[in-house]
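Read through the structure below, which is laid out as structure tokens, and then see the notes.
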Amino acid sequence: MPDQIIELLTRNGALIVLAIVIYLAISSAVRIVPQSEKFVVERFGRLRSVLGPGINIITPFIDRVAHRISILERQLPTNRQDAITADNVLVQVETSVFYRIIEPEKTVYRIRDIDAAIATTVAGIVRSEIGTMELDQVQSNRAQLIERIRESLANVVDDWGIEVTRAEILDVNLDEATRAAMLQQLNAERARRAQVTEAEGKRRAVELAADGDLYAAQQEAKAKRILAEAEAFATTAIADAIATGGIQAAQYQVAMKQVDALTAVGVGPGKQTVLIPAAALDAFSDAFRLLRGDKP
């Protein structure tokens with residue numbers, strides 16, 4: 001039995017070798033690339049092509065897959081770097097960068113450690129951008145600062161075949177002395193605002209009081225005007241009556257005034273004695289006589 005196997009292998013050795021060669025050729029020629037990767041193919045040490053997701057055919061025994069590059073989005077570790085603002089304040093900035101490789105041939109042959117290169121570039125850009133801004137601008141315009149950092153970083157790393165998808169400033173830390181100075185400034189600003197608010201309240205109160213006095217004066221003037229108009233109307237009515245009824249109308253008005261005056265004298269609390277002169281009694285008599293139409 002062993003002799004038969006050896007004889008069979010001897011007769012069909014060429015076919016077996018050919019089958020093995022064909023299998024190895026097919027295995028090395030067919031490359032199935034996952035959706036999340038790209039393969040960089042070299043021929044004799046030089047770049048041949050970049051294989052995308054799916055089934056790809058390369059030249060067996062000549063071409064080889066030199067690099068398998070993931071094209072998934074990556075996040076760099078949180079990086080902290082010191083920076084000095086335009087108003088000479090030392091701050092510590094925490095940044096985080098997200099990127100993905102879109103041209104593996106550039107990433108492979110132009111840069112050795114892509115993560116370290118991006119981290120160093122981000123640190124330089126952050127220091128440069130913060131150096132043009134004051135501390136208040138860094139705190140209040142963080143979104144604008146992030147956009148400027150992302151644009152500057154995108155221009156720098158374009159030659160490396162990567163795309164910066166997002167750049168974030170996680171925090172801006174200050175030393176204790178700067179924090180104490182800022183807290184003191186904040187308290188002073190709050191005190192100033194309180195004083196301004198109090199002064200505005202007092203000014204408003206004075207304005208309202210002046211408006212109230214003006215309104216009262218206007219109403220008083222209006223009342224005097226109405227009384228004056230009433231008095232003028234009464235005087236006009238008396239003048240018309242005198243013109244129509246003669247001196248008797250005037251005497252009647254005088255007599256009625258005297259009667260009103262005596263009535264006012266008699267009005268008061270408690271019991272009281274009122275001395276009426278004889279002329280007053282004559283005024284009553286004249287008024288009744290005029291009322292009947294008799295001549296004095």
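Since this is a predicted model, take the numbers as computed values, not measurements.
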Could you report the tightest heavy-atom contact between [X] and [Y], atom names first, then the distance?
{"X": "A119", "Y": "N79", "answer": "O-ND2, 3.7 Å"}
{"X": "A117", "Y": "T121", "answer": "O-OG1, 2.8 Å"}
{"X": "E105", "Y": "V50", "answer": "OE1-CG2, 3.4 Å"}
{"X": "D171", "Y": "R142", "answer": "CA-NH1, 4.3 Å"}
{"X": "P53", "Y": "P34", "answer": "CB-O, 3.7 Å"}

Distance, nearest 0.5 Å, that separates [atom1] of [X] from [atom2] of [Y]:
{"X": "L153", "Y": "D158", "atom1": "CG", "atom2": "CG", "result": "11.0 Å"}
{"X": "N173", "Y": "L90", "atom1": "CG", "atom2": "CG", "result": "10.5 Å"}
{"X": "E134", "Y": "N141", "atom1": "CD", "atom2": "CG", "result": "11.0 Å"}
{"X": "K222", "Y": "L227", "atom1": "NZ", "atom2": "CG", "result": "12.5 Å"}
{"X": "I226", "Y": "Q219", "atom1": "CD1", "atom2": "CD", "result": "8.5 Å"}
{"X": "T132", "Y": "L145", "atom1": "OG1", "atom2": "CG", "result": "8.0 Å"}

Under 3.5 Å donor-acceptor, [X] side chain and [Y] backbone:
{"X": "R150", "Y": "R166", "value": "no"}
{"X": "S96", "Y": "E168", "value": "no"}
{"X": "D115", "Y": "D113", "value": "no"}
{"X": "N88", "Y": "I84", "value": "no"}
{"X": "S152", "Y": "I149", "value": "no"}

Electrostatic pair K224-E220, nearest N-O below 4.0 angstrom: yes

Between E151 and R148, does any side-chain N to carboxylate O distance fall below 4.0 Å? no

Given the rule that I, L, V, M, F, W and Y join up when any side-chain heavy atoms are under 4.5 Å apart, are [X] and [Y] in one cluster?
{"X": "V157", "Y": "I111", "value": "yes"}
{"X": "V156", "Y": "I102", "value": "no"}
{"X": "Y99", "Y": "I71", "value": "no"}
{"X": "I69", "Y": "L47", "value": "yes"}
{"X": "V41", "Y": "I26", "value": "no"}

Only one of R74, R100, K106 passes salt bridge (charged side-chain N to carboxylate O under 4.0 Å, His left out) with E163; say which it is. R100

Restricting to pairs with a member in residues 19-40, which pass side chain to side chain donor-acceptor pair (under 3.5 Å), not counting sequence neighbours? none

Counting only heavy atoms not in [X], do more than 12 fall under 6.0 Å of its [atom1]?
{"X": "I55", "atom1": "CD1", "result": "no"}
{"X": "R193", "atom1": "CZ", "result": "no"}
{"X": "R127", "atom1": "CZ", "result": "yes"}

Do [X] and [Y] have side-chain heavy atoms sitting under 4.5 Å apart?
{"X": "D63", "Y": "R43", "answer": "yes"}
{"X": "R192", "Y": "E189", "answer": "yes"}
{"X": "V91", "Y": "V138", "answer": "no"}
{"X": "W160", "Y": "I118", "answer": "yes"}
{"X": "F39", "Y": "I58", "answer": "no"}

For the side chain to side chain contact (heavy atoms under 4.5 Å, CB included) test, which of L72, T107, V108 pairs with I101? T107

Stepwise side chain to side chain contact (heavy atoms under 4.5 Å, CB included) check, R48 with R64: CA-CA 9 Å; R48 172 62 180 172; R64 70 182 186 91; over 6 Å; no

